[in-house]
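See structure below.
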Amino acid sequence: MTSREAPPRDVTRAPQRRPAPARDAASGPLAGVRTRIGLWLARPLASFHLVVTIAFLLTVLGLVMVLSSSSVEQYAASGSAYSLFVQQLVYALLGAVLFYVALRVPIRVWRRLSFPLFAVCLLMLVLILIPGVGTEVQGSTRWFQVAGFSLQPSELMKVALALWGAHLLASRRPGAPLKTILFPLVPMGLLVCLLVVSQPNLSTTIALGIILAALLWFGGLPGKLFGGLALGGVIAAGVLAVTAGYRSSRVQAFFNPGADPQGMNYQARQASFSLADGGVFGRGLGQSRAKWSYLPNAHNDFIFAIIGEELGLIGCAAVVGLFALFVYTGLRIAVRSVDPFLKLLTATATTWILAQAMINIGYVVGLLPVTGLQLPLVSAGGSSLAITLVMFGIIASAARHEPEAIAALRAGRDKRAGKLFRLPVPEPYLPVDPAVARNAAVRKAQAQSRGRSSAPRAATYGGDGRRTAERRRDDGPARGRPRRPDASDTRRRRDPRERRERGQRR
């Protein structure tokens, strides 16, 4: 055997297998799904797509459930099972248009219109209390009737208070005293709550109080002071709950669930029966028994009970999951935004919508007293649906103003949606130091005053404003204008090298 030949192979010994690598617990199918979700969420426009998808799904679900829960009573009352559904559909289309408009309006315009919008809503709340101006329904004056459509100013005030409060707190100078957080936001917020509770409308008052509390919390109010204000708000809400007759009966029914099953506990018991009848998978869409006049307000306050009866536990979990995903998306937008106005506004709106949804679900399942707060985008109510879609549009606009989203849109990564909806490319936020802005404004004012004062001075020397050399020398240089050099100045500013040469000649 030469050195080039390979050594003989030993066929008697079986080849040894290499030990298989230990399977990582994180390399299963769930890890792949988690990785894909993480990669999708890392996209620049993921927050925007999530907000639009959640708003669409909740609105469509609300339309379907309003049709299912109201068809029996509407047919008995008007002869058409679709009357309330058509009304809700019209408001949904109006809300979609307002969603698109809110998406196109620049952020600086929202800040500029925040106080005028708040003032108009405050005026409407005052006018609605005048006898003959507002429309009274079931002992409460909450609506304006305009051209066959009803408008609830207290719902519009939710958006106005969030916009104006975020603008006020975002305009604070760094290191400003504590009173800039409280005034004028807290007095005006309490005035709004007083006007709304006078309608009477305790449920919307609670929602406005939540918006005010969220603004103060995210605006940087100290914890002790915030806790004192929150405790005072809870005590005031409790006092208001037990003063009026229908509100006190709801509180008594919550603390005594077995008392008066055909009276004050009737609605809560029927909601519990509906949820229990649905089970895990539900009775099927449109197969509810409670909507046959067993459950009052099945299409509005207690629509979650109809969802549980027809779609079961799975349907209820899907609704809760959509709201949980919205909370994640809203807080994600608030954290990623660099504009303090968008941070405050997005966090406040997310807190408001989450609190309203949890209160509604809480009293349907029996964990809270009945308050009358609607399930956002799902319960029947035209003003609430349209105005909530406006808020979703503003949140979607804030998602497009994330720094990564702006860079992606400027690079043309979202060409399809941009061409389809003709959405403008958002402008990046440029932070401005208040001291720098104030100094720039002072310099601009001084320059304007100098320009006005120099105009008549030039006119004293003739119509064309020209002056002779003798008057220039007598008057001296004009303010802000260099003096024309003469021969003496030229001699003084002569080159130093020429001076040395002259000295050597001498």
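These figures come from a predicted structure and were not determined experimentally.
Identified under the ring-ring contact (aromatic ring centres under 6.0 Å, His included) test for residues 344-373, with sequence neighbours left out: F302-Y363. Sorted by first and then second residue, the side chain to side chain donor-acceptor pair (under 3.5 Å) pairs involving residues 369-386 (not counting sequence neighbours) are N300-Q374, Q374-S384.
Checked for salt-bridge contact, E404 and R336 meet the test: a charged N lies under 4.0 Å from a carboxylate O. The pair R108-E427 meets the salt-bridge criterion, with a side-chain N (NZ, NE, NH1 or NH2) lying under 4.0 Å from an Asp/Glu carboxylate O.
Atom CZ of R289 sits in a sparse spot, with 12 or fewer heavy atoms from other residues, nucleotides or ligands closer than 6.0 Å. For W40, the CH2 atom sits in a packed shell: over 12 heavy atoms of surrounding residues, nucleotides or ligands are nearer than 6.0 Å.
In this structure a side-chain-to-backbone donor-acceptor pair under 3.5 Å is missing from K291 to I306. The backbone N or O of Y82 lies less than 3.5 Å from no partner atom in the side chain of Y75, so there is not a single donor-acceptor pair. Remark: the backbone N or O of G393 is not paired with any side-chain donor or acceptor of S397 at under 3.5 angstrom. Between the side chain of Q74 and the main chain of G79, no donor-acceptor pair closer than 3.5 Å is present. A side-chain donor-acceptor contact under 3.5 Å links N360 to the backbone of D301. No side-chain donor-acceptor contact under 3.5 Å links R332 to the backbone of A399.
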**Stepwise side-chain contact (heavy atoms from CB on, under 4.5 Å) check, I387 with V159** = CA-CA 8 Å; I387 293 170; V159 179; 3.3 Å; yes

**Request:** Assess whether side chain to side chain donor-acceptor pair (under 3.5 Å) is satisfied between E310 and S68, documenting all intermediate values.
**Result:** CA-CA 9 Å; E310 295 187 352; S68 176; 2.7 Å; yes

**Asked** Which is it for T388 and K158 under the side-chain contact (heavy atoms from CB on, under 4.5 Å) test, yes or no, and what are the steps along the way?
**Response** CA-CA 9 Å; T388 307; K158 296 178 183 177; over 6 Å; no

**Stepwise side-chain contact (heavy atoms from CB on, under 4.5 Å) test for L117 and C121** = CA-CA 6 Å; L117 180 61; C121 294; 4.2 Å; yes

**Prompt:** Does the side-chain contact (heavy atoms from CB on, under 4.5 Å) test come out yes or no for R112 and H167, once each step is laid out?
**Reply:** CA-CA 9 Å; R112 194 180 306 159; H167 171 68; over 6 Å; no

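A pairwise comparison of heavy atoms in E309 and S288 identifies OE1-OG, 2.7 Å as the closest pair. Across all their heavy atoms, L194 and V197 have their closest contact at O-CG1, 3.3 Å. Pairing each heavy atom of L84 with each of A380, the nearest pair is CD2-CB, 4.4 Å. Here the closest heavy-atom approach between residue S47 and residue E402 is recorded as OG-OE2, 3.3 Å. Across every non-hydrogen atom of F392 and A55, the tightest pair is CD2-CB, 3.7 Å. Here the closest non-hydrogen pair linking S203 and G372 is CB-C, 3.9 Å.
To the nearest 0.5 Å, atom CG of residue L409 and atom CG of residue L423 are 9.0 Å apart. Going from atom CZ of F281 over to atom CG of L313 covers 9.0 Å, rounded to the nearest 0.5 Å. Taking CD of Q87 as the reference point, atom CG of L385 lies at 11.0 Å (rounded to 0.5 Å). Atom CD of E73 is separated from atom CG of N297 by 8.5 Å, given to the nearest 0.5 angstrom. Here the CZ atom belonging to F323 is positioned 11.5 Å from the CG atom belonging to L325, to the nearest 0.5 angstrom. Atoms CD and CG, from Q356 and L375 in turn, are 8.5 Å apart once rounded to the nearest 0.5 Å.
Side-chain contact, S274 with D277: no donor N or O sits under 3.5 Å from an acceptor N or O.
For the pair C316 and F304, the minimum side-chain heavy-atom distance is below 4.5 Å. L161 has its side chain within reach of F118: a pair of non-hydrogen atoms, C-beta onward, lies under 4.5 Å apart. Within the 4.5 Å cutoff, no side-chain heavy atoms of L61 are placed close to those of L377. Side-chain atoms of L345 and W110, non-hydrogen and from C-beta on, never get closer than 4.5 Å to each other. At least one side-chain heavy atom of T204 sits less than 4.5 Å from a side-chain heavy atom of Q152. Considering only heavy atoms from C-beta on, L122 comes within 4.5 Å of M157 through its side chain. When side chains are defined from C-beta on, T141 does not count as touching N201, because their heavy atoms never get closer than 4.5 Å. Taking the side chain as every heavy atom from C-beta outward, T329 and F48 never approach each other to under 4.5 Å.
Here D339 pairs with I107, R111, F341, L342, Y429 under the side chain to side chain contact (heavy atoms under 4.5 Å, CB included) rule; sequence neighbours left out.
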